[in-house]
Asker: 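Pasting a structure below so you can have a look.
Here is the naming used below: chain letters follow the sequence lines, and residue numbers restart at 1 for every chain. Values reported hereafter were calculated over all heavy atoms of this structure, with side chains retained and with hydrogens, waters and symmetry mates removed.
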2 protein chains.
Amino acid sequence: MNIIDESGILAISTRLQRLSEQLRKDGALFYKSYGIDFEPKWFPVIYTLHHKEILSVVEIANEIGYTHPSTISLLKELEKQKLIRSKKDKIDERKRLLSLTPKGQELILKMKPVWDVMSNVLKEIADNQNNLLQAINEAENKIKHQSFLQRALQLKSEE
Amino acid sequence: MNIIDESGILAISTRLQRLSEQLRKDGALFYKSYGIDFEPKWFPVIYTLHHKEILSVVEIANEIGYTHPSTISLLKELEKQKLIRSKKDKIDERKRLLSLTPKGQELILKMKPVWDVMSNVLKEIADNQNNLLQAINEAENKIKHQSFLQRALQLKSEE
DNA sequence: CAAAACTACGTAGTTAAATACATAAATAAA
DNA sequence: TTTATTTATGTATTTAACTACGTAGTTTTG
């Protein structure tokens with residue numbers, strides 16, 4: 001176990017993944033406890049379309065911060081669930097315009113109270129002496145400013 | 001982008017994965033900058049065998065905190081790299097005992113200074129006003145004590 | 001000591017993301 | 001107005017983890 005404490009690059013990495021998987025599973029179960037058949041991974045697309053109404057594939061991908069192939073597979077699932085639908089853009093024939101179905105819009109109404117609870121619980125779990133979200137923000141910002149690799153190479157050259 | 005800020009369960013989850021992937025990639029590149037052909041994901045096994053010398057598959061899995069199938073695939077890679085080797089346990093014929101090869105031991109000597117730098121950079125990145133490792137520990141502990149699901153169900157029933 | 005339960009290992013299949021590549025439409029440039 | 005470039009979408013493949021299952025030794029129990 002103390003590998004984790006002494007380890008280099010992987011320590012944080014794997015633990016973050018675990019944590020995220022757990023949260024995802026519990027999220028799905030919590031939806032189920034409301035009789036809602038919804039997977040947490042669908043949230044970003046649904047939420048985006050709830051606010052933006054009509055978007056193309058790439059636009060959604062950018063909004064949710066995934067690559068477009070990943071986004072396409074989410075969209076496929078959501079179309080299968082009849083929560084979203086798509087039609088061709090008449091102006092630009094390459095584009096596929098996505099929007100919520102009435103079923104999708106109804107579902108959102110049902111999910112809103114669930115999201116409320118989830119959001120509070122998440123706060124409860126992540127808001128400690130060291131706030132997880134803040135810690136992530138701060139780490140992301142540091143990396144944005146100068147990557148792990150750049151920092152490491154610099155430290156190496158200083159020796 | 002503000003999906004991320006307002007989102008429920010996925011916000012943290014996906015960002016943690018991204019962060020970890022970036023660190024992993026940079027880790028690999030940094031090894032390469034020393035002319036070392038080593039993948040960060042191999043670290044836990046190598047490090048464990050460096051300290052424990054001889055362990056079975058399941059023992060390693062427990063040490064590194066992975067399932068045994070995942071561990072087996074790591075072990076396969078490392079055997080292909082000739083960094084570790086295995087022999088049958090004479091007492092318990094089901095067991096396969098793993099240990100470092102001389103090549104593996106040599107490599108560790110070369111990697112030690114690299115690990116030092118990495119470890120420092122990781123500290124630099126993760127140690128902010130909100131310490132990422134600490135934040136993870138704290139979040140993990142909270143979940144250990146009461147899961148996301150339990151907390152959510154409780155909050156739900158209190159309404 | 002034979003049957004049952006447990007343990008160690010391995011394989012197969014799944015998942016959620018990514019990259020890399022392919023195609024077709026739209027736009028810009030010669 | 002062809003040709004080249006860029007953009008939008010889609011498919012195929014890869015990766016790193018997982019769960020589920022099967023088999024073969026080992027240990028425990030009746």
Side-chain angles (χ1 to χ4, degrees), chain A residues 4 9-29 39-45 54-80 84 86-98, chain B residues 4 9-29 39-45 54-80 84 86-98:
Chain A
I4 272 168
I9 194 68
L10 272 209
I12 285 184
S13 166
T14 53
R15 290 170 71 195
L16 295 182
Q17 279 184 333
R18 296 290 171 73
L19 200 53
S20 82
E21 269 166 39
Q22 277 184 276
L23 294 181
R24 235 181 259 185
K25 273 183 207 156
D26 275 13
L29 290 174
E39 296 192 33
K41 67 176 167 172
W42 296 339
F43 176 85
V45 170
I54 294 188
L55 292 174
S56 73
V57 174
V58 169
E59 281 166 344
I60 294 175
N62 289 336
E63 287 285 336
I64 68 177
Y66 283 15
T67 59
H68 82 268
S70 308
T71 304
I72 285 170
S73 87
L74 284 175
L75 294 175
K76 267 184 190 156
E77 289 180 43
L78 286 166
E79 284 190 85
K80 195 179 281 173
I84 65 171
S86 75
K87 59 172 199 284
K88 259 211 167 107
D89 186 333
K90 277 162 196 160
I91 303 153
D92 187 338
E93 291 266 309
R94 296 167 306 174
K95 281 188 187 166
R96 201 153 70 84
L97 297 178
L98 286 299
Chain B
I4 271 168
I9 194 71
L10 273 209
I12 286 184
S13 168
T14 52
R15 288 169 71 195
L16 296 182
Q17 280 184 334
R18 295 291 170 73
L19 200 53
S20 82
E21 268 165 41
Q22 277 183 276
L23 294 180
R24 237 180 258 183
K25 273 182 209 156
D26 275 14
L29 290 174
E39 297 192 31
K41 66 176 168 173
W42 296 340
F43 175 85
V45 170
I54 294 188
L55 293 173
S56 71
V57 174
V58 170
E59 282 166 344
I60 293 175
N62 289 336
E63 288 285 335
I64 68 177
Y66 283 14
T67 59
H68 81 269
S70 307
T71 305
I72 284 170
S73 86
L74 285 174
L75 294 176
K76 267 184 191 155
E77 290 180 41
L78 286 166
E79 285 192 83
K80 195 179 281 172
I84 65 171
S86 74
K87 59 170 198 284
K88 258 211 169 105
D89 185 332
K90 277 163 197 161
I91 303 154
D92 187 339
E93 292 267 306
R94 295 167 309 176
K95 282 186 185 163
R96 202 153 70 85
L97 298 177
L98 286 300

Asker: Take A:Ile64 and A:Leu74 through the side chain to side chain contact (heavy atoms under 4.5 Å, CB included) test and state the conclusion after the steps.
Answerer: CA-CA 11 Å; A:Ile64 68 177; A:Leu74 284 175; 4.1 Å; yes
Asker: Assess whether side chain to side chain contact (heavy atoms under 4.5 Å, CB included) is satisfied between A:Ile54 and A:Lys87, documenting all intermediate values.
Answerer: CA-CA 10 Å; A:Ile54 294 188; A:Lys87 59 172 199 284; 4.2 Å; yes
Asker: Counting only side-chain N and O atoms of B:Ser73, is one of them less than 4.0 Å from OP1 or OP2 of D:dA17?
Answerer: no
Asker: Establish, with yes or no, whether the OP1 or OP2 oxygen of D:dA8 is under 4.0 angstrom from a side-chain nitrogen or oxygen of A:Ser56.
Answerer: no
Asker: Given atom NZ of B:Lys25 and atom P of D:dT14, what is their separation to the nearest angstrom?
Answerer: 17 Å
Asker: State the CG-CD distance between A:Leu98 and A:Glu79, to the nearest 0.5 angstrom.
Answerer: 6.0 Å
Asker: Sequence neighbours excluded, which residues qualify as side-chain hydrogen bond (donor to acceptor under 3.5 Å, both in side chains) partners of A:Asp89?
Answerer: none
Asker: Indicate whether OP1 or OP2 belonging to C:dG10 is found under 4.0 Å from a side-chain N or O atom of B:Arg96.
Answerer: yes
Asker: Give every pair of a protein N or O atom and an N or O atom of nucleotides 21-25 of chain C that lie under 3.5 Å apart, one pair per line with the distance.
Answerer:
{"residue": "C:dA25", "atom": "N3", "partner": "A:Arg94", "partner atom": "NH1", "Å": "3.4"}

Asker: Can you tell me how far P of D:dG10 sits from CG of A:Leu75, to the nearest Å?
Answerer: 8 Å
Asker: Which whole-number value in Å describes the distance from B:Leu55 CG to C:dC9 P?
Answerer: 11 Å
Asker: Could you check how far NZ of A:Lys95 sits from C1' of D:dT7, rounded to whole Å?
Answerer: 9 Å
Asker: Using the side-chain hydrogen bond (donor to acceptor under 3.5 Å, both in side chains) criterion, which residues pair with A:Ser73? Sequence neighbours excluded.
Answerer: none
Asker: Distance check, rounded to the nearest 0.5 Å: A:Leu78 atom CG versus A:Lys80 atom NZ?
Answerer: 11.0 Å
Asker: Specify the separation, in whole Å, of atom NZ of B:Lys76 and atom C1' of C:dC9.
Answerer: 11 Å
Asker: For a quick test of reading the model: is some side-chain N or O of A:Tyr66 closer than 4.0 Å to OP1 or OP2 of C:dA17?
Answerer: yes
Asker: Which listed nucleotide (D:dC18, C:dA16, D:dA16) is nearest to the side chain of A:Glu39?
Answerer: C:dA16
Asker: For the CD1 atom of A:Ile60 and the CD1 atom of A:Ile84, what is their distance to the nearest 0.5 Å?
Answerer: 6.0 Å
Asker: Could you check how far CG of A:Leu19 sits from P of D:dA17, rounded to whole Å?
Answerer: 16 Å
Asker: Select from B:Pro69 and A:Ser70 the residue whose nearest nucleotide in DNA chain C is closer to the 5' end of that strand.
Answerer: B:Pro69
Asker: Hey, does B:Lys88 reach any base, or is it just sugar-phosphate, or nothing, if we go heavy atoms under 4.0 Å?
Answerer: nothing
Asker: For the pair made of CD1 in A:Ile72 and P in D:dA8, what is the distance, rounded to whole Å?
Answerer: 12 Å
Asker: Within the pair A:Arg24 and D:dC18, is there a side-chain N or O less than 4.0 Å away from OP1 or OP2?
Answerer: no
Asker: Please state how far atom CD in B:Gln22 lies from atom P in C:dT19, giving the value in whole angstrom units.
Answerer: 11 Å
Asker: What nucleotide among C:dC9, C:dA18, D:dA17 has an atom nearest to a side-chain atom of B:Val57?
Answerer: C:dC9
